[in-house]
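I have placed the structure first, in the form of structure tokens, so that the comments after it can refer back to it.
One is the number of the first residue; the rest follow in order along the sequence. Note that ligands are numbered from 1 as they come in the structure, with each ligand's atoms numbered from 1 the same way.
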Amino acid sequence: MSQPHSGPSGGVLIVDFGAQYCQLIARRVRELGVYSRITVPERALFTFEHMRPDAVILSGGPRSVYEHDAPQLDAAILQKGVPVLGICYGLQWLAQHSGGLVTPAQSGAEYGRTELEVTDAADLLAGCRQRGIVWMSHGDKVAKLGPGFLVLAKSEPCPFAVVGDRARRFFGLQFHPEVAHTEDGAIMLKNFVLGIAKCRTDWNPGNIVDNKVAAVKKLVGHDGEVVMGLSGGVDSSVAAVIIHRAIGDRLHCVFVDNGLLRAGERDGVERLFREEHHMDLRVVDASDRFLDELRGVTDPERKRKIIGRIFIEVFRQEAKRCRKAHFLGQGTLYPDVIESVAAHGGATSTIKSHHNVGGLPEDLDMTLVEPLRDLFKDEARAIGRTMGLPASLVDRQPFPGPGLAVRCLGEVTREKLVPLRAADKIVREEIEAKGLHKGLWQYFAVHVPQKTVGVKGDARVYEDICVLRVVSSQDAMTADWELLPVDVLKRISNRILNEVKGFSRVCLDVSSKPPATIEWE
Ligand code: XMP
């Protein structure tokens, strides 16, 4: 879903030359409280006229500026009198259009970690360490600077690592300030956006919401209808509330109870969205169908596939009921976009093979409405808070699309789900009561169908194992196990062994990812 031209004026116009990190540049600008928009080079001048930005950032890109079909920008943008910051390819384009020369790097190619030596620490590099680490990724280099440009910093193989023409307020960085590996990258961007361009710092989750709501209104029109699967997770919930704010009861939400939910989940979703947010929410109880089809299935991948397929079938049936709905709402976040591009053969190489309940097939023949598509998870959370969603929802831990099925090892049965659900509730209650969840990525119980001997009230019991999985992580790609305080562990263990029938033993999972995954299946 593209943003309309109804955004505010001012801010930063980011020209995307095909960069891997373009959304990250936008995110860094948002973190400074400044409005930004990304545009493709061909539309840059047009967007400039509508937006009247205070500054332009030219992104990196995979091509070489001297190739005849390399992405080009109308050089008239350099006559507008606003500061320009070129990053990597953006610097090379800027150099080429300011009387400089760009050539293949040969000896000057740099990839990854490089030491930068600051030689002129005014304006753009003010406050940066004299020798810091930056993240390079370029095969071309600026061989000669145009008139008016000075060198502000260099690296061993790259004499023009940071350059600037102070009179025209044009600057260039041969490396990526937007990535976390560049030590003072955030300072450089701040110096450019706030110090040099003097952008207003009035962009916050509140007006991001207004902007998204306006975009949904524009896309869906006056009488369009949207159907959407609501899982009760952060992403679909925040997206649904934005769409609802835009089009009210022309949004139709569907919540599929697959019988694999945690205790209280379905009731919580109904209460919040139907009673508090007054949304049109249809709850479909398909638990029998899911559990029947899972009968006898023990292979984890088969379990996932079955659950994914039934979800799509149930949702498709429900979507057909809303005959007038030509739009499909989804809570897709920017990292999901990167992953799905990668999954379809794009350049980004990290691929998760997870089934995401939001990921419906395109042959539903509906236009996607994805208001969070250019945002990151923490930004979706901030927006959710602004719109009044409760902390219990906004800060909740991720829950996998296949639900408790991937924590109920082997065959999933109603009988095994009962103790698992009860133990999981205890784990959540005890951790949340102490506020420990704030530093954790996920915390849950796993049902291991291996009988061990125990004694309960003078009688011998022979029951299954409950495993406690508690991990910290930044993005779920890697994770570490976390040790809860001993008194909390004792309470959890005592409560599970006393209150839950079906477990005779509680064990702790002390495995990091990799090599273990977070979920057990
Ligand atoms: P793993 O087990 O691969 O999980 O370390 C990484 C993160 O992804 C979640 N997860 C899923 N999420 N559909 C989802 O939407 C899935 O099929 C799925 N499988 C795992 C998991 O909870 C963890 O946060």
Distance-only polar pair, side chains of [X] and [Y], donor-acceptor under 3.5 Å:
| X | Y | result |
| --- | --- | --- |
| Tyr334 | Glu379 | no |
| Ser504 | Glu463 | no |
| Glu225 | His326 | no |
| Glu482 | Ser472 | yes |
| Thr332 | Arg373 | no |

Lys513 N/O under 3.5 Å from ligand 1 N/O: yes
For ligand 1, which atoms, with element, lie under 4.0 Å from some heavy atom of [X]?
| X | result |
| --- | --- |
| Pro402 | 13 (N), 16 (C), 17 (O) |
| Gly401 | 12 (N), 13 (N), 14 (C), 15 (O), 16 (C) |
| Ala476 | 6 (C), 7 (C) |
| Thr517 | 1 (P), 2 (O), 5 (O) |

Whether Trp441 lies under 4.0 Å from ligand 1, heavy atom: yes
